[in-house]
Trainee: 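Take this structure, written in structure tokens, and hold onto it; I'll ask about it next.
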Protein chains: 2
Amino acid sequence: MSRHEHPDAQAQFESALQTLRDHQHRITEPRKAILTILTREHGPFTAEELHKQMAKGGCDLVTVYRCLTAMEEINLVRRCDFGDGCYRYEFNTGEHHHHHIICRSCQAVETLDMCVADGLERMARQMGFANVTHTLEIFGVCATCQQKS
Amino acid sequence: MSRHEHPDAQAQFESALQTLRDHQHRITEPRKAILTILTREHGPFTAEELHKQMAKGGCDLVTVYRCLTAMEEINLVRRCDFGDGCYRYEFNTGEHHHHHIICRSCQAVETLDMCVADGLERMARQMGFANVTHTLEIFGVCATCQQKS
DNA sequence: ATATGTGCAAATTCTTTGCATTAGA
DNA sequence: TCTAATGCAAAGAATTTGCACATAT
């Protein structure tokens with residue numbers, strides 16, 4: 001719970017609210033609840049995980065999906081795809097791009113703060129593509145799970 | 001149809017049949033049909049696309065799914081994830097790793113023959129992970145689609 | 001006041017499973 | 001022959017949509 005708590009979660013949370021306002025989006029309870037979780041813990045989380053984590057009251061799962069979609073459109077959150085059939089979302093700090101390394105055995109997620117895809121994106125631009133982005137996820141078996149087997 | 005036809009499709013097809021035999025898998029009509037498409041055209045294709053492309057007779061869509069799953073397990077095909085809710089499959093030549101660049105507008109797929117993720121995988125191994133793999137897809141708007149807008 | 005967001009129910013889409021039947025080796 | 005593979009129908013899981021009601025600005 002607190003082990004992965006982000007140091008300036010509060011600041012990120014406030015900034016996120018401002019971004020919502022900037023885009024003429026309303027500050028609602030479900031949105032605040034989702035942003036509270038996403039700025040406190042890194043995630044990334046599925047819609048279902050966020051829904052379960054929401055404090056008393058909470059909101060409908062459908063609302064979680066709609067909020068996440070809306071937030072992704074204004075780049076407040078980033079959608080990750082671990083190839084297991086559901087999407088995960090994390091707060092988009094806007095800072096340096098990063099990637100994840102996912103344990104195929106226990107599903108634990110660690111963050112990799114480097115990104116080597118700049119060269120690839122440059123190549124794509126040379127091929128005539130505009131507005132280039134990419135997704136990159138790494139998979140392996142973590143040290144702990146290796147010992148177990 | 002023939003524009004993207006692979007030069008040694010025939011050889012790859014035969015080799016694929018052998019791989020099936022090596023794994024005690026039977027050479028059935030649906031499997032031959034799927035492998036014929038995948039060795040002739042690069043793809044990657046969804047199960048549905050393969051199903052539609054299958055010549056007269058064809059087979060059930062469920063069988064396509066089952067064949068692809070079986071073939072992925074023995075590394076005959078590679079599963080790609082463009083993050084749009086369905087998986088795509090391509091023949092695994094076993095040659096150098098490559099990636100795709102997908103046009104966000106017309107969905108056209110081009111192949112990028114370089115891979116810069118070796119550094120990332122090395123880093124993952126240093127973090128204690130074993131059996132490291134990765135997925136990397138690039139998205140952009142192709143030259144043709146840029147002109148249209 | 002009013003457009004935007006939400007809840008609930010139902011629909012959609014992709015994929016998987018169960019089971020009787022067919023067909024490779 | 002005899003087990004693996006297929007077809008059909010139905011189930012499952014994740015996500016989206018329609019519409020009446022609620023609520024933030």
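Note that these values count all heavy atoms, side chains included, but never hydrogens, waters or copies made by symmetry. Order of the sequence lines fixes the chain letters, A, B, ..., with proteins taken first and strands second; residue numbering starts at 1 for each chain. Given the structure is predicted, the values throughout are model-derived calculations rather than measurements.
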Trainee: CG of Leu68(A) versus C1' of dT16(D): gap in Å, rounded?
Mentor: 14 Å
Trainee: Distance check needed: dT4(C) C1' versus Glu29(A) CD, whole Å only.
Mentor: 16 Å
Trainee: Closer to the 5' end of DNA chain C via nearest nucleotide, is it Cys86(B) or Cys59(A)?
Mentor: Cys59(A)
Trainee: To the nearest Å, give me how far apart CG (Leu61(A)) and P (dA14(D)) are.
Mentor: 10 Å
Trainee: Rounding to an integer number of Å, can you tell me how far Leu20(B) CG sits from dA23(C) P?
Mentor: 19 Å
Trainee: Nearest to the side chain of His25(B), which nucleotide is it out of dC8(D), dT15(C), dA5(D)?
Mentor: dA5(D)
Trainee: Taking the six-membered ring for Trp, are His99(B) and His134(A) ring centroids under 6.0 Å apart?
Mentor: no
Trainee: Between Arg31(A) and Ala47(B), which residue's closest nucleotide on DNA chain C lies nearer the 5′ terminus?
Mentor: Arg31(A)
Trainee: Please report the interatomic distance CD(Gln53(B)) to CZ(Arg40(B)), rounded to the nearest 0.5 Å.
Mentor: 10.5 Å
Trainee: Check if the side chain of Arg66(B) and the base of dG7(D) share a donor-acceptor pair of N or O atoms closer than 3.5 Å.
Mentor: yes
Trainee: What's the NZ-C1' distance between Lys32(B) and dG24(C), to the nearest Å?
Mentor: 10 Å
Trainee: Is the distance from OP1 or OP2 of dA5(D) to the nearest side-chain N or O of Thr63(B) less than 4.0 Å?
Mentor: no
Trainee: Would you kindly give the CZ-to-P distance between Arg79(B) and dC14(C), to the nearest whole Å?
Mentor: 15 Å
Trainee: Heavy atoms from C-beta onward define the side chain here; which of dC8(D), dT25(D), dA14(D) lies closest to that of Glu48(A)?
Mentor: dA14(D)
Trainee: How many whole angstroms separate atom CE of Met54(A) from atom P of dG7(C)?
Mentor: 8 Å
Trainee: Measuring to OP1 and OP2 of dT6(C), would you say a side-chain N or O of Thr28(A) lies under 4.0 angstrom away?
Mentor: yes
Trainee: Set out, in order, the CA-CA distance, both residues' side-chain angles and the distance that settles side-chain contact (heavy atoms from CB on, under 4.5 Å) for Phe129(A) and Val141(B), then state yes or no.
Mentor: CA-CA 5 Å; Phe129(A) 284 80; Val141(B) 181; 5.8 Å; no
Trainee: Check the phosphate of dT15(C) against Tyr65(B), side-chain N and O only, distance under 4.0 Å to OP1 or OP2. Yes or no?
Mentor: yes
Trainee: Rounded to the Å, how far apart are His23(A) NE2 and dA24(D) C1'?
Mentor: 18 Å
Trainee: Taking the side chain as every heavy atom from C-beta outward, state whether Asn75(B) and Asn92(B) have any atom pair closer than 4.5 Å.
Mentor: yes
Trainee: Is the distance between the ring centroids of His100(A) and Phe82(A) under 6.0 Å?
Mentor: yes
Trainee: Tell me which nucleotide among dC8(D), dT6(C), dT4(C) gets nearest to the side chain of Arg26(A).
Mentor: dT4(C)
